[in-house]
Amino acid sequence: MSENKHNPSNFIERIIDEHNESGRFNKVVHTRFPPEPNGYLHIGHAKAICISFGIAQKYGGKTNLRFDDTNPVTEDTEFVEAIQKDVKWLGFDWEDRLFFASDYFDQFYENALKLIREGKAYVDHSSAETMDVEKRAGKNSVYRERSVEENLDWFEKMKSGELADGTCVLRAKIDMNADNWILRDPVLYRIKKATHHRTGDDWCIYPMYDFAHGYSDSIEGITHSLCSLEFEVHRPLYDWLIDAVEIHHPQQIEFSRLNVNYTITSKRKLKELIAIGAVNGWDDPRMPTLSGMRRRGYTPASIRNFIEKAGTSRREQIIDLSMLEYCVREDLNASTARVMAVLDPLKVVLTNYPEDQTEIMTAINNPGDESMGTREMPFSRELFIERGDFMEDPPKKFFRLGPGRMVRLKNGYIIQCDDFVKDEGTGEITELHCTYFPESRSGADTSGLKVKGTIHWVSCKDALDAEVRIYDRLFTDENPTGHKEIDYKEFINPDSLKVITAKVEPSLGNAEIGTQVQFMRKGYYCVDLDSTPDHLVFNLTATLRDSYAKKNK
RNA sequence: UGUCUGGUAGUCUAAUGGUAGGAUGCCUUCCUUUGAAGCAGGCGGCACAGGUUCGAUCCCUGUCCAGACAACCA
């Protein structure tokens, strides 16, 4: 087996192949996923996770989980835990390599001292406004030429806590005229008298992202630091800082972020949606967060597959929501049991069926997978069918019920509609009167009847009520944040959640939280964590494709 | 405004100096006790203009378009 003979599937693998050929990292591939614990992970993060863990896996390397916790005022252990749960759930394992940037505060501090001693960093007392003005003007700060001793002294004062927040900052001394503004003497450390979720009150100075990130990568022996495109302009600084203290130098490689149309993946905006009550929290099934998607019924495999299909490139990608739905359907089609649930019930009376009779019908759980077995369903004189499966005056191509028309009740009998009852006030159909054909029982059909349509049903007296939460996209616009004049909140879909009471087959009575099923002819649903034995709650994961509805649009 | 990065079907993504493959989408056929799934077929693409070349989607130049960045956030 030739170990280095594989086809790179994207540009990152090509780069790694080159490194392996040149021996730059001794053929080691060690990546990391570095979330900031200030929010929940979303589908965009899933791409970063899948890429970093996936590439390491492919090359026999390792991946660290590292929390980039350098800003105590926004970070919290709640998020540290939620993030770990989500990464694990997605299917990745960092083994014993759980790290925190805050683990390295001492080393960061030493690096800062080294920079100061070498004249590569200075303490600046300019106000943020002044620094901003000077940055734009390409003008050096008046504090730029302080002596090493003076800088060391001030930095010590910053650290000791005797200076108030904002008094001064430590800046790298690079080039105030650099084309890349990131290099215009970036801030390295700031004073923040805040309690850190891990280091408590040990520190009152905290490093900035650029400072902490590269050094963390270096300390951990990361070889390939994979991140999204917006950090590309930071790479020169990443390189500069590492070179300045002469330590292990990982290669930063950027890829484009993943966007999905009709959704947003900005942590700030997701927080806002929660704050204004547009959704019910981070794990609201409408949220593109991993916790929301999990609750919605998305499987880890479906998300991984989605990321895989989306690919890895440097082009800005806005992927169709339909691709995501395709991926869950693909997964759930194979794994879920088919059950019957009538979402919008219409009563059917089988006039020739014995009043008190109940038959037990056997239903196949998954026609594509015999090993999933069968279950039993009670059949009786009064049934509920889907209101949409009857039309008073149906067109020819309507393969369901109408006056005089026949359908097969799945796992039941063929029935014919003889009559219907209509509320003359509202015009609503309230009941159907049908006859059934005793010889047409499923699995033992000797009737010789041929019907085009098959519909689902439940027995009235045996059916269970269930709350069903029907979700739709959270936004009505493909690109809610893409309009300069219109706030994204204007596009919130008022119908993103509809709650109905459905009639479901009795076998669902003891379904556990998280159970996933296919409501036959309707869609994939899962038992929500609000569900109890007395009050079943289902979430819509994704509807089935509906070519009939599509054709009739 | 500046810097950077991109531009291959509606969307995503490959390969290639000899006009392009896959996925999804869309449209059909067949099949079907889910109008699902499945099977089969079809539709649909190299941003534009020059240049180099026998030949350019690919190399070069320019244009246009798009996105990201320009925090004491990450």
Side-chain angles (χ1 to χ4, degrees), chain A residues 7 9-10 34-36 38-39 68-71 73-75 101 124 126-128 131-132 135-136 165-171 178-184 186-192 205-206 208-210 212-213 227-236 254 256-259 261 267-268 306 308-327 329-330 333-334 338 340 363-364 366-368 397-400 407-412 414 440 442-443 445 451-456 518-524 543-552:
Chain A
N7 292 327
S9 64
N10 59 53
E36 185 190 14
N38 69 343
D68 226 321
D69 55 349
T70 56
N71 186 2
V73 303
T74 59
E75 295 154 7
D124 195 329
S126 304
S127 67
M131 281 175 51
D132 188 49
K135 215 173 241 193
R136 288 170 195 282
D165 284 12
T167 305
C168 53
V169 294
L170 182 72
R171 295 178 80 177
D179 282 340
N180 182 350
W181 285 30
I182 297 283
L183 297 176
R184 316 256 262 220
V187 172
L188 267 21
Y189 262 96
R190 76 284 213 195
I191 303 170
K192 260 187 205 294
I205 52 172
Y206 292 94
M208 298 292 289
Y209 162 82
D210 288 298
H213 192 75
C227 60
S228 49
L229 237 33
E230 70 258 36
F231 295 105
E232 180 164 40
V233 288
H234 293 248
R235 181 156 27 99
E254 312 86 12
S256 62
R257 296 174 60 132
L258 175 147
N259 302 287
N261 59 7
K267 256 192 246 177
R268 209 202 92 238
F306 170 70
E308 177 70 31
K309 278 191 159 66
T312 306
S313 70
R314 289 173 63 84
R315 290 164 61 180
E316 193 70 18
Q317 48 181 205
I318 304 172
I319 300 176
D320 278 344
L321 196 54
S322 62
M323 182 66 97
L324 233 192
E325 293 190 320
Y326 170 84
C327 291
R329 287 186 188 119
E330 184 186 37
N333 177 48
R338 274 60 175 162
M340 300 214 205
I364 293 169
N366 187 330
K397 290 274 190 181
F398 186 76
F399 304 142
R400 309 180 195 177
V407 290
R408 152 80 58 190
L409 294 176
K410 176 83 183 172
N411 300 131
I414 290 173
S440 67
S442 286
D445 188 349
V451 294
K452 191 81 177 140
T454 301
I455 65 172
H456 57 105
Q518 184 198 93
F519 285 174
M520 201 164 250
R521 300 210 303 139
K522 284 291 157 188
Y524 296 98
T543 60
L544 251 33
R545 289 179 65 210
D546 189 347
S547 57
Y548 177 75
K550 204 179 298 174
K551 215 181 300 180
N552 288 282

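None of the values given here were measured: they were computed from a predicted structure. First the proteins, then the strands, lettered A, B, ... as listed; each starts at 1.
- With sequence neighbours excluded, the residues forming a side chain to side chain contact (heavy atoms under 4.5 Å, CB included) with Asp124(A) are Tyr122(A), Ser126(A), Met131(A), Ser141(A), Tyr143(A), Val169(A), Arg171(A), listed by chain and number.
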Considering only nitrogen or oxygen atoms on both sides, find all protein atoms under 3.5 Å from nucleotides 21-24 of chain B and state each distance.
{"unit_1": "U24(B)", "atom_1": "OP1", "unit_2": "Tyr326(A)", "atom_2": "OH", "d": "2.9"}

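- Evaluation of the side chain to side chain contact (heavy atoms under 4.5 Å, CB included) rule for Glu308(A) yields no partner, not counting sequence neighbours.
- Here Tyr524(A) contributes atom OH and Asn333(A) contributes atom CG; the two are 4.0 Å apart, rounded to the nearest 0.5 Å.
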What protein N or O atoms touch nucleotides 71-74 of chain B N or O atoms at under 3.5 angstrom, if any, and at what distances?
{"unit_1": "A71(B)", "atom_1": "OP2", "unit_2": "Asp132(A)", "atom_2": "OD1", "d": "3.4"}
{"unit_1": "C72(B)", "atom_1": "N4", "unit_2": "Gly166(A)", "atom_2": "O", "d": "3.2"}
{"unit_1": "C73(B)", "atom_1": "OP2", "unit_2": "Arg190(A)", "atom_2": "NE", "d": "2.6"}
{"unit_1": "C73(B)", "atom_1": "OP2", "unit_2": "Arg190(A)", "atom_2": "NH2", "d": "2.5"}
{"unit_1": "C73(B)", "atom_1": "O3'", "unit_2": "Arg190(A)", "atom_2": "NH2", "d": "3.2"}
{"unit_1": "C73(B)", "atom_1": "O2'", "unit_2": "Asn71(A)", "atom_2": "ND2", "d": "3.2"}
{"unit_1": "A74(B)", "atom_1": "OP1", "unit_2": "Thr70(A)", "atom_2": "OG1", "d": "2.7"}
{"unit_1": "A74(B)", "atom_1": "OP1", "unit_2": "Arg190(A)", "atom_2": "NH1", "d": "3.4"}
{"unit_1": "A74(B)", "atom_1": "OP1", "unit_2": "Arg190(A)", "atom_2": "NH2", "d": "3.0"}
{"unit_1": "A74(B)", "atom_1": "OP2", "unit_2": "Tyr209(A)", "atom_2": "N", "d": "2.9"}
{"unit_1": "A74(B)", "atom_1": "O4'", "unit_2": "Glu36(A)", "atom_2": "OE1", "d": "3.4"}
{"unit_1": "A74(B)", "atom_1": "N6", "unit_2": "His234(A)", "atom_2": "NE2", "d": "3.1"}

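- Note: Glu325(A) CD to Asp320(A) CG = 10.0 Å, rounded to the nearest 0.5 Å.
- Checked by atom type, the side-chain pair Ser442(A)/Arg408(A) shows a donor-acceptor distance below 3.5 Å.
- The structure places CD1 of Ile191(A) at 4.5 Å from OG1 of Thr167(A), a figure rounded to the nearest 0.5 Å.
- Nucleotides C69(B) and G17(B) are separated by 36 Å at their C1' atoms, to the nearest Å.
- Place Gly311(A) and Pro367(A) on RNA chain B by their nearest nucleotides, and Gly311(A) ends up nearer the 5' end.
- Rounded to the nearest 0.5 angstrom, Lys309(A) NZ and Tyr326(A) OH are separated by 5.0 Å.
- Note: CZ (Arg314(A)) to C1' (G67(B)) measures 12 Å, nearest angstrom.
- Taking Asp546(A) as the reference, nothing meets the side-chain hydrogen bond (donor to acceptor under 3.5 Å, both in side chains) condition, with sequence neighbours excluded.
- The residue Ser228(A) sits apart from the nucleic acid: no heavy atom pair falls under 4.0 Å.
- Among the atoms of the strands shown, none is found under 4.0 Å from any heavy atom of Gly453(A).
- Close to G35(B), at under 4.0 Å from its OP1 or OP2, lies no side-chain N or O of Lys452(A).
- For G55(B) and C39(B), the P atoms lie 45 Å apart once the distance is rounded to whole Å.
- At a cut-off of 3.5 angstrom, counting only N and O atoms as typed in the model, there is a donor on one side and an acceptor on the other between the side-chain of Ser442(A) and the base of U33(B).
- Within 4.0 Å of Arg545(A), counting heavy atoms only, lie sugar-phosphate atoms of the nucleic acid but no base atom.
- Taking atom CG of residue Leu229(A) and atom C1' of nucleotide G67(B), one finds them 8 Å apart after rounding to whole Å.
- Backbone-only engagement by Ser547(A) is indicated by non-hydrogen atom pairs under 4.0 Å involving sugar-phosphate atoms exclusively.
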Is there a side chain to side chain contact (heavy atoms under 4.5 Å, CB included) between His213(A) and His234(A)? Walk through the geometry before answering. CA-CA 11 Å; His213(A) 192 75; His234(A) 293 248; over 6 Å; no

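- A15(B) and U28(B) have their C1' atoms separated by 30 Å, given to the nearest Å.
- Within the nucleic acid shown, Arg338(A) comes within 4.0 Å of at least one base atom, counting heavy atoms only.
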Stepwise side chain to side chain contact (heavy atoms under 4.5 Å, CB included) test for Ile414(A) and Val407(A): CA-CA 6 Å; Ile414(A) 290 173; Val407(A) 290; over 6 Å; no

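- Atoms CZ (Arg257(A)) and C1' (A66(B)) sit 16 Å apart, rounded to a whole Å.
- Between Ile364(A) atom CD1 and Lys410(A) atom NZ the span is 7.0 Å, to the nearest 0.5 Å.
- Close to G35(B), at under 4.0 Å from its OP1 or OP2, lies a side-chain N or O of Arg521(A).
- Base contact: Gln518(A) has a heavy atom under 4.0 Å from a base atom.
- C58(B) sits 9 Å from C46(B) when the C1' atoms are compared, rounded to a whole Å.
- Rounded to a whole Å, the CZ atom of Arg329(A) is 12 Å from the C1' atom of G25(B).
- Every stem involving RNA chain B, taken as at least 3 paired positions in a row under the Watson-Crick or G-U wobble test at 3.5 Å, is listed here: B:1-7 with B:64-70, B:10-13 with B:21-24, B:25-28 with B:40-43, B:47-51 with B:59-63.
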Run the side chain to side chain contact (heavy atoms under 4.5 Å, CB included) check on Leu229(A) and Arg314(A) step by step: do they pass? CA-CA 7 Å; Leu229(A) 237 33; Arg314(A) 289 173 63 84; 3.8 Å; yes

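- A gap of 32 Å separates the P atoms of C31(B) and G45(B), to the nearest Å.
- Distance check on atom C1': G22(B) versus U16(B) gives 15 Å, rounded to whole Å.
- No engagement by Ile455(A) is indicated, since no non-hydrogen atom pair under 4.0 Å with the nucleic acid exists.
- With rounding to whole Å, Phe399(A) atom CZ is found 13 Å from U33(B) atom P.
- Distance check, rounded to the nearest 0.5 Å: CZ of Arg235(A) to CG of Asp210(A) gives 13.0 Å.
- One atom, CD1 of Ile319(A), and another, P of U13(B), lie 7 Å apart when rounded to the nearest Å.
- Per the geometry, CZ belonging to Arg400(A) stands 13 Å off P belonging to U34(B), to the nearest Å.
- U13(B) and G7(B): their P atoms are spaced 9 Å apart (whole Å).
- G41(B) and C30(B) have their C1' atoms separated by 10 Å, with the value rounded to a whole Å.
- In this structure, Arg338(A) and Asn366(A) have side chains that are in contact, with non-hydrogen atoms separated by less than 4.5 Å.
- Residue Gln317(A) contributes atom CD, which lies 7 Å from atom C1' of C12(B) at whole-angstrom precision.
- When heavy atoms are screened at a 4.0 angstrom cut-off, Phe306(A) is found touching no nucleic acid atom at all.
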